[in-house]
Structure formats: C-alpha cells, structure tokens
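Read through the structure below, which is laid out as structure tokens, and then see the notes.
As a basis for the values below, the full set of heavy atoms in this structure was taken, side chains included, without hydrogen atoms, waters or symmetry mates. From a predicted model like this one, the values you see are computed outputs, not experimental measurements.
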Amino acid sequence: MPFALSRVTFDVLYSPRLVEAEWRSLEALPRNSLNQSFDWCTAWWRTRGLSPLILRGEIAGRPVMLMPLQVTSRFGLRTARFPGQRFNNVNTGIFSSDFPHLSGRDLASFTHSIRTCLAKHADILVLDGLPDVWNGSQNPFVALATSQNPNPSFQLPLRPSMEETIAQLHAKTRRKRHRSQRRRLDAIGGFSHYCPVEAREQHVLLDLFFQQKAERFAAFGLPNVFHPPEVQEFFHSLIDHSGGERDYMLRMHALRLHGVNEGTMVAISGLSRKGGHLLCQFGSIDDKLCPDASPGELLFWLMIEQACQEGGSVFDFGVGDQPYKHSWCPQRTLTQDMMLAITPKGRTAMPVLKRFARLRLAIKGDRRLYAAIQKVRAAVRL
C-alpha cells in the first residue's frame with residue numbers, strides 16, 4: 001500500500017529501550033545518518049545526564065519515523081535538538097525506506113503533528129546539518145529549512161585502489177609529497193600504521209588524542225571543545241559500542257614511530273563507519289619530533305589506503321572548512337538548518353534566532369573575524 005501521511009500516528013517516548021529493535025533496524029538503512037543511531041544517541045543522553053525524548057511516527061504499529069531529541073533551556077526558552085550537537089556531522093533523523101519527501105498539504109500536516117506532540121516539552125525545534133539528499137533519499141525536513149548551515153563537509157570518493165583514488169586529485173603532487181614524508185620518517189627510524197583491535201588499547205589512544213588536542217588548542221589560543229569530562233566519556237562510550245567488524249561508532253588510528261622514538265604516536269585520528277561511508281571524527285598531531293614530515297597528512301593517506309582495500313566508497317573529512325580538506329576532497333556537501341516554532345514563546349523568539357543564524361553564517365564566512373572570536377572565547381574560558 002502506498003505511503004499516506006494521513007495514516008501516520010505520532011507520539012512521544014521517554015525510553016529508548018521501548019523501540020530499540022525497531023530503531024536498530026531503521027538506522028541500518030542508507031538514508032539514515034550514523035549520528036541518529038541508537039548507540040550514538042543513548043551514549044550522548046547518558047554521559048550528559050539528559051532525559052531522552054523520542055518523537056515516533058507509526059503506521060499500524062510499524063515505526064516509519066524516529067526523531068531522537070534533547071531538550072535544553074536557556075533564557076527561559078526550551079530548545080529541542082538532535083543529541084550530539086556540535087559533534088554531529090550529518091543529521092537526517094530516522095525514517096523508513098518508504099517515508100516520502102513532503103510538500104504542500106502533507107508538509108503542513110506533518111508540521112502540525114510535530115507541534116502537537118512537542119508542545120509540552122519544547123518552545124522551538126532546531127535541527128541543523130540537514131543534507132538535501134543523503135544516499136539517494138531526500139530528507140523530509142529540508143522543505144522546512146530556514147537557513148544554510150555555515151559548515152560544509154568534505155568528501156573523497158574511494159576507488160578500488162589508492163592509485164585510482166588519488167587520480168581524482170593532483171596525483172603527481174600527492175605521490176611526490178607522500179614519498180617525501182615517508183623518507184623523512186624512515187630517516188629517524190621508520191613508522192607504522194597503528195590501529196589496535198583491543199578496546200583497552202583504543203581507549204589509551206583516545207586519551208592520548210585528548211592530551212594532544214588540548215596542547216594544540218592551547219598553542220593556538222583556541223577553546224578546547226574536548227575538555228569537558230562528559231565529552232570525553234561520550235567518545236569513550238562510542239569505543240565500547242564499536243565491536244562490529246565492518247560498521248563501528250569509533251575506531252582509533254595512529255601513526256607510530258620506531259627506532260629511537262619507539263612507540264611515540266605523532267598523529268591520531270578517530271574514524272566511524274556505516275556501510276561504505278567512513279567519517280573522520282577528529283584528528284591531532286604531535287609535531288615536536290617531525291613537523292616537516294606532515295604526520296597528520298601521512299596518517300590520512302594510510303587510513304584512506306586501508307579504506308580502499310576494505311571496500312569503502314567514501315572517505316568523509318567531516319564538517320569545517322580547512323585548507324587540507326580542499327587538497328584531499330573533490331566533493332563538498334552543503335547542509336541546511338531548520339527552526340520550527342512549537343509554542344507562542346517560540347514564535348516570539350524566531351525572528352531573533354533567525355537573525356543570529358544569519359550573523360553566524362556571515363562570521364564563519366570571514367576567516368579573520370572568526371579566528372579573532374575564537375581567541376576571545378578561549379581567553380574567557382581560561
């Protein structure tokens with residue numbers, strides 16, 4: 001029977017366990033982001049001490065939509081968002097394979113149902129990082145988008161071999177740089193690509209990443225987004241839920257030196273994988289020993305090479321516009337943000353929030369201004 005929004009009933013749940021089996025089944029669909037998966041959201045709620053809130057849509061008892069949310073209150077305004085916030089790269093919500101792109105009367109009905117269900121819990125719904133299309137499926141929320149997200153994400157399509165993959169780039173320059181990096185590290189004792197299997201060793205690498213990243217942020221006078229203990233606990237929890245051979249929430253990789261510097265990790269990254277899509281969650285470097293060897297870039301080469309060998313289809317460098325991503329990525333993904341007023345208080349706040357969103361986009365577009373604001377934020381936190 002064709003999908004009819006009029007047949008969908010909506011309600012709110014407060015326990016993820018009530019829909020765990022259905023959630024895990026839906027999250028496996030290509031159209032749904034890893035950032036709205038069961039393990040990702042429950043880890044965030046737990047480590048942040050937040051109460052789960054899940055908007056569910058069903059047809060005759062079959063879940064066709066799950067919208068995991070967290071609700072926070074600031075200046076008396078209750079705001080509902082996806083769990084994970086700034087650590088999410090792409091947000092889609094969780095939808096069945098037959099959930100359609102909405103427009104016209106269906107869109108109005110959908111919006112009314114969201115407002116009715118969330119009115120007791122939130123004044124405004126803010127969903128950011130929504131792609132127009134994800135793995136061939138249109139996102140139903142995009143029709144409600146209010147502004148462009150200021151942070152694009154960057155992707156490198158993967159081919160069966162590394163040679164075929166870098167052929168999409170300036171291959172001659174890329175190969176020359178890679179050979180130079182290897183020679184420099186071989187001259188001080190060599191290196192290896194280290195990706196331990198044991199969870200205990202993965203946790204050790206993650207703690208070392210937090211240490212390296214703190215030093216880098218401090219050196220540049222920037223705020224350390226990984227400093228809060230609950231953020232660190234969240235990422236450790238993702239490792240504990242990453243036992244799968246193919247798909248995983250978080251797996252740590254490092255560039256390990258040998259010789260007189262035996263065991264020193266000069267670059268560390270954390271990857272997530274769903275299907276053929278590999279996503280770099282974060283990275284750090286220790287450039288005290290071999291800065292001229294660009295250890296972070298060399299680790300990217302090794303991770304991408306491994307991803308090609310393991311049948312990956314995309315290596316995603318994540319959100320944020322940094323120069324090194326342009327050198328690796330022929331593709332860029334723009335996403336949209338959505339703000340939906342739920343209550344009269346939310347409708348009153350909407351004009352201010354929209355102006356703030358436009359200001360944020362303008363600031364992000366001015367690199368000097370954005371860098372100056374970041375330094376001020378770091379100074380205030382000291």
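- By the neighbour-count criterion of 12 heavy atoms within 6.0 Å, atom CD of Glu262 is densely surrounded, having more than that number from other residues, nucleotides or ligands.
- Counting only distance, with no hydrogens or angles, the side chain of Thr116 and the backbone of His112 share a donor-acceptor pair below 3.5 Å.
- Counting heavy atoms from C-beta on, the side chains of Cys280 and Phe300 come closer than 4.5 Å.
- Rounding to the nearest 0.5 angstrom, the gap separating the CG atom in Asn32 from the CD1 atom in Ile94 is 4.0 Å.
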**OP:** List the steps and the verdict of side chain to side chain donor-acceptor pair (under 3.5 Å) for Ser37 and Asp39.
**Re:** CA-CA 6 Å; Ser37 65; Asp39 290 332; over 6 Å; no
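- Lys325 contributes a side-chain N or O that, together with a main-chain N or O of Val319, makes up a donor-acceptor pair within less than 3.5 Å.
- Side chains of Trp44 and Gln85 form a contact here, defined as non-hydrogen atoms less than 4.5 Å apart.
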**OP:** With side chain to side chain contact (heavy atoms under 4.5 Å, CB included) as the test, would you mind laying out the steps for Gln148 and Gln336 before giving the verdict?
**Re:** CA-CA 4 Å; Gln148 181 181 310; Gln336 311 296 322; 4.2 Å; yes
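- Residue Arg115 comes nearest to Ala341 through the heavy atom pair NE-O, 2.6 Å, listed as atom of the first residue, atom of the second, then distance.
- Using a 3.5 Å distance cut-off with no hydrogens or angles, the side chains of Asn91 and Ser33 do not pair a donor with an acceptor.
- Side chain to side chain, Ser272 and Gln281 meet the donor-acceptor criterion of an N or O pair below 3.5 Å.
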Subject >> Pair Asn89-Asn35, side chain to side chain donor-acceptor pair (under 3.5 Å): steps then yes or no >> reply: CA-CA 7 Å; Asn89 278 270; Asn35 293 131; 5.0 Å; no
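- Side chain of Thr264 to backbone of Leu257: no donor-acceptor contact under 3.5 angstrom is found.
- Pairing each heavy atom of Cys117 with each of Phe10, the nearest pair is SG-CB, 3.6 Å.
- More than 12 heavy atoms of other residues, nucleotides or ligands shown are found within 6.0 angstrom of CZ on Arg24.
- Heavy-atom minimum distance, Pro351 versus Thr348: CD-O, 3.4 Å.
- Residues meeting the ring pair (Phe, Tyr, Trp, His ring centres under 6.0 Å) test with Trp45, sequence neighbours left out: none.
- Taken to the nearest 0.5 Å, the NE2 atom of His236 stands 7.0 Å off from the NE2 atom of His203.
- To the nearest 0.5 angstrom, Tyr248 atom OH is 5.5 Å from Leu271 atom CG.
- Counting only heavy atoms from C-beta outward, the side chains of Leu255 and Tyr194 never approach each other to under 4.5 Å.
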**OP:** Could you walk me through whether Ser327 and Arg174 pass side chain to side chain donor-acceptor pair (under 3.5 Å), step by step?
**Re:** CA-CA 9 Å; Ser327 71; Arg174 179 65 60 186; 3.3 Å; yes
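- In this structure, the side chains of Phe87 and Phe226 come closer than 4.5 Å at one or more pairs of heavy atoms.
- Side-chain N or O atoms of Thr111 include one that pairs as donor or acceptor with a backbone N or O of Leu107 at under 3.5 Å.
- Using a 4.0 Å cut-off between a side-chain N of Lys or Arg and a carboxylate O of Asp or Glu, Arg175 and Glu163 qualify as a salt bridge.
- The distance from atom CD of Glu164 to atom CZ of Arg159, rounded to the nearest 0.5 Å, is 8.0 Å.
- Side-chain contact annotation: Gln155 with Ser153, donor-acceptor N/O pair under 3.5 Å present.
- Remark: the backbone N or O of Lys120 is paired with a side-chain donor or acceptor of Arg78 at under 3.5 angstrom.
- Between Ser96 and Leu26, the shortest heavy-atom contact is CA-CD2, 3.7 Å.
- Within 6.0 Å of NE2 in His227 there are 12 or fewer heavy atoms belonging to other residues, nucleotides or ligands.
- Minimum heavy-atom separation, Ser284 to Phe209: OG-CD1, 3.3 Å.
- Among all heavy-atom pairs drawn from Leu156 and Trp328, the shortest one is CD1-O, 3.3 Å.
- Side-chain atoms of Phe235 and Met252, non-hydrogen and from C-beta on, never get closer than 4.5 Å to each other.
- The side-chain heavy atoms of Met67 and Gln36, taken from C-beta on, include no pair separated by under 4.5 Å.
- At least one side-chain heavy atom of Phe282 sits less than 4.5 Å from a side-chain heavy atom of Leu250.
- Here Lys274 does not pair with Asp247 in a salt bridge; the nearest charged N to carboxylate O distance is not below 4.0 Å.
- Side-chain contact between Phe315 and Thr165 is absent, with no heavy atoms from C-beta onward closer than 4.5 Å.
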